[in-house]
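Small disclaimer: the values here were computed from a predicted structure and weren't measured.
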Amino acid sequence: ITELKFLTSLTELPRLLDVVIVATNSNIRASVTKSILEKCEVKNFIFEKVLFQKEKDYIEMSELLQQKNINAWVNCPRRLFKGYHLLKGLLPKNDTVFLSVTGGNWGMGCNSIHFIDLFTFITEYYDIELSTQFLDPVLMESKRGGFKEFAGTLIGKQENGSTIILNSEALYHGNTILTIRGTQMIAIIDEAAGRMNVATIYTGWQWEEKPIEAVYQSQLTGDIVSTILATNNCGLTTFENSIKLHVPLVRTLLNFCNSVSSIRLDVCPIT
C-alpha cells in the first residue's frame, strides 16, 4: 500500500476503481451504486447483502452491470469456509439435501440469504420456492432502525426435492445449530462453538467430531480482493446467481409483510 485515503463524498473518488465494496444498508444500495457508476469506471463490485428492497432494482442493476461489463459478487462467505467444502465433498453430486437452521433471534430477514446461499452452494441448484406458512404473524423491529425482522419458520424447496428449513424463535437465546443431511452424510454444526459432528456411510454412520472455523469478515476481505485483482474471479456467489435467490426472498417476505400489516408496503423492509 503506497497511499491510503479516507473520503467523505462520492465526488472525491478517483475515476478508475479496481474493486468497490458497497456495504450500505439495502434501502440505498442501488442508488449509491448508480451514483458511483455516474462518476467512476469500476472493474469489480462486491455487494453486501441483503442486496436491494425493490424487485425492480435487481433487474435494473443486472442490466447496468452487464452493459458496462462489470464483474460483481455478493458477500455470502460461508461457501468459502473449509468445513462446508469438506461436507459438500462427502455428498454425492445431485444428492437430495436437507438443511436446517435452528436458533433464536438470529435475524431471519437480514441473514436468511446467508443460509440459502450455503444451501445452493451445496446443492448447486439456484431455483428455490419459499413458504411463509409457519412464520409468526407479527413484524418485529430490527436492531437497525427502520427495518423489520421475523420469527418462526421459513421453508424453501428446490425442484429436485432438496429442502431448507430456517427457524428463529423470538424468545430463545441458545446457539444457532445447522443440520445438513444427504443420503450418505449427516452433519450437525455449531459454528459458535467451532465444531461439527459428522456421520457418513463411509464410517458406518459413526459420529466424528471435527472443527469448523467461522471465519471473521476481517480475515476474508483481503484474500477475496487479492484474488479478484489477480484472477478477475473469486469464490463468492456471482451477482447473477445471487439475484435468483434474493428475488424470491424479497418477494416472499414483502407479501408476508403485507398480509400481517395494516400498512401497504411496496418495498421489503429488510437489510
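Residues passing the side chain to side chain donor-acceptor pair (under 3.5 Å) test with Arg78 are Glu191, sequence neighbours excluded. In this structure Phe121 satisfies the ring-ring contact (aromatic ring centres under 6.0 Å, His included) test together with His85, sequence neighbours excluded. With sequence neighbours left out, the side-chain contact (heavy atoms from CB on, under 4.5 Å) criterion links Ser162 to Thr96, Val97, Phe119, Thr123, Gln158, Asn160. For Lys68, the side chain to side chain donor-acceptor pair (under 3.5 Å) test picks out no residue, with sequence neighbours left out. The side-chain contact (heavy atoms from CB on, under 4.5 Å) check on Glu55 picks up Val247, Arg251, with sequence neighbours excluded. Here Thr163 pairs with Lys157 under the side chain to side chain donor-acceptor pair (under 3.5 Å) rule; sequence neighbours left out.
Legend: side chain to side chain donor-acceptor pair (under 3.5 Å) pairs involving residues 218-230, not counting sequence neighbours, sorted by first then second residue: Gln217-Thr221. Screening residues 144-156 for salt bridge (charged side-chain N to carboxylate O under 4.0 Å, His left out), with sequence neighbours left out, gives Glu141-Lys148. For residues 172-189, there are no salt bridge (charged side-chain N to carboxylate O under 4.0 Å, His left out) pairs, not counting sequence neighbours.
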List the atom pairs, donor and acceptor, that lie under 3.5 Å between side-chain atoms in residues 98-108 and the rest of the protein, sequence neighbours left out.
unit_1, atom_1, unit_2, atom_2, d
Asn105, ND2, Ala170, O, 2.7
Asn105, ND2, Tyr172, O, 3.4
Trp106, NE1, Asn167, O, 2.8

All N/O donor-acceptor pairs, side-chain side in residues 260-270, below 3.5 Å, sequence neighbours left out:
unit_1, atom_1, unit_2, atom_2, d
Ser261, OG, Ile263, N, 3.1
Ser261, OG, Ile263, O, 3.3

Can you give me every donor-acceptor pair (side chain of residues 2-22, partner residue at least two apart or in another chain, under 3.5 Å) with its distance?
unit_1, atom_1, unit_2, atom_2, d
Thr8, OG1, Glu12, OE2, 3.4
Ser9, OG, Thr11, N, 3.2
Ser9, OG, Thr11, OG1, 2.7
Glu12, OE2, Thr8, N, 3.3
Glu12, OE2, Ser9, N, 3.2
Arg15, NH1, Glu41, OE2, 2.4
Asp18, OD1, Lys43, NZ, 3.4

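Between the side chain of Thr203 and the backbone N or O of Thr200 there is at least one donor-acceptor pair closer than 3.5 Å. Judged by distance alone, the side chain of Thr252 and the main-chain N or O of Pro248 form a donor-acceptor pair under 3.5 Å. Judged purely by atom type and a 3.5 angstrom limit, Thr120 uses its side chain to pair as donor or acceptor with the backbone of Asp117. In this structure, Asn25 contributes its side chain and Asn27 its backbone to no donor-acceptor pair below 3.5 Å.
When the options Ile228, Ile224, Thr237 are evaluated for a side-chain contact (heavy atoms from CB on, under 4.5 Å) with Trp73, the one that passes is Ile228. Screening Ile116, Thr153, Asn111, Ile155 for a side-chain contact (heavy atoms from CB on, under 4.5 Å) with Leu166, the sole residue that qualifies is Ile116.
Ile180 contributes atom CD1, which lies 6.0 Å from atom CE of Met185 (distance to the nearest 0.5 angstrom).
No more than 12 heavy atoms of other residues, nucleotides or ligands shown are found within 6.0 angstrom of CD on Glu129. By the neighbour-count criterion of 12 heavy atoms within 6.0 Å, atom NZ of Lys56 is densely surrounded, having more than that number from other residues, nucleotides or ligands.
Using a 30° and 60° split on the angle between ring planes, Phe239 and Phe47 fall in the tilted class, from 30° to 60°.
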Practice task
Kindly indicate, with the supporting measurements, whether the criterion salt bridge (Lys or Arg N to Asp or Glu O under 4.0 Å) is fulfilled by Glu124 and Lys93.
Solution key: CA-CA 9 Å; Glu124 296 186 357; Lys93 192 170 179 62; 2.7 Å; yes

Problem - Test log, rule side chain to side chain donor-acceptor pair (under 3.5 Å), inputs Glu48 and Thr24 - result: CA-CA 7 Å; Glu48 273 297 335; Thr24 66; over 6 Å; no

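Residues Ile70 and Asn44 fail the side-chain proximity criterion, which asks for heavy atoms closer than 4.5 Å. Residues Ile165 and Phe134 fail the side-chain proximity criterion, which asks for heavy atoms closer than 4.5 Å. A 4.5 Å side-chain heavy-atom check between Lys143 and Cys110 finds every atom pair outside the cut-off.
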